[in-house]
Amino acid sequence: MYYDANNLYGGAMSSYLPTKDFKYSDEEWTKEKILKLKDDADKGYYFIVDLHYPENLHKSHNGYALCSENKSISNNLLSTKQSESRKETKIKKIGLFI
């Protein structure tokens with residue numbers, strides 16, 4: 001199967017995610033069982049996993065997030081340089097409207 005996609009990250013971030021009523025389960029899961037889950041089902045799951053990421057792939061995936069998260073970044077999580085850059089960007093955007 002061939003997929004041609006331009007916004008892979010955005011597509012992943014707009015997928016269905018569980019949002020409430022979380023419960024731990026001792027249910028046994030297999031790869032086949034996980035792959036049968038529907039993406040738009042009423043019930044969703046989070047899995048805690050150990051990932052093996054071969055070192056020979058690190059360089060070729062340098063600009064690609066292997067397991068990205070959908071979360072908001074607050075200012076206290078930014079480095080000083082990132083905070084300064086963010087302020088400069090806001091100033092430049094404001095300048096467009098003056």
Side-chain angles (χ1 to χ4, degrees):
M1 188 176 298
Y2 173 75
Y3 291 102
D4 182 12
N6 291 314
N7 188 14
L8 296 174
Y9 181 77
M13 292 294 97
S14 62
S15 299
Y16 287 92
L17 291 172
T19 59
K20 62 183 177 181
D21 300 327
F22 297 101
K23 297 176 188 168
Y24 285 100
S25 171
D26 291 332
E27 189 175 344
E28 195 68 33
W29 286 89
T30 64
K31 179 181 175 181
E32 291 76 23
K33 190 173 175 180
I34 292 171
L35 292 174
K36 287 181 183 177
L37 295 172
K38 302 278 187 221
D39 290 340
D40 58 353
D42 290 335
K43 186 175 183 180
Y45 299 89
Y46 275 115
F47 295 96
I48 298 172
V49 298
D50 293 321
L51 297 175
H52 172 69
Y53 189 30
E55 195 162 332
N56 63 314
L57 298 175
H58 289 197
K59 188 174 181 181
S60 63
H61 295 173
N62 204 22
Y64 171 75
L66 176 64
C67 285
S68 56
E69 296 180 73
N70 184 7
K71 68 180 196 178
S72 297
I73 305 297
S74 57
N75 286 334
N76 64 330
L77 296 175
L78 299 176
S79 69
T80 304
K81 180 132 178 93
Q82 289 170 322
S83 293
E84 290 169 2
S85 176
R86 188 173 181 189
K87 288 176 188 172
E88 288 175 20
T89 303
K90 284 182 180 177
I91 291 169
K92 288 178 184 176
K93 284 183 180 176
I94 290 170
L96 293 173
F97 300 102
I98 296 177

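Values in this document were obtained by computation on a predicted structure and should not be read as measured data. Heads up: numbering here begins at 1 and tracks the sequence. Only this structure's heavy atoms are used, side chains among them; waters, hydrogens and symmetry mates stay out.
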How many angstroms lie between atom CG of L78 and atom CG of N76, to the nearest 0.5 angstrom? 8.0 Å
Assigning hydrophobic clusters by single linkage (Ile, Leu, Val, Met, Phe, Trp, Tyr; side-chain heavy-atom cutoff under 4.5 Å), is Y45 placed with L35? no
If the plane angle is over 60° it's perpendicular, under 30° parallel, otherwise tilted; pick one for Y53 and H61. parallel
Is the number of heavy atoms from other residues, nucleotides or ligands under 6.0 Å of F47 CZ greater than 12? yes
Rounded to the nearest 0.5 angstrom, the CG-CD distance for D26 and E28 is 9.5 Å
Would you say that more than 12 heavy atoms from the other residues, nucleotides or ligands in this model lie under 6.0 Å from the NZ of K33, or not? yes
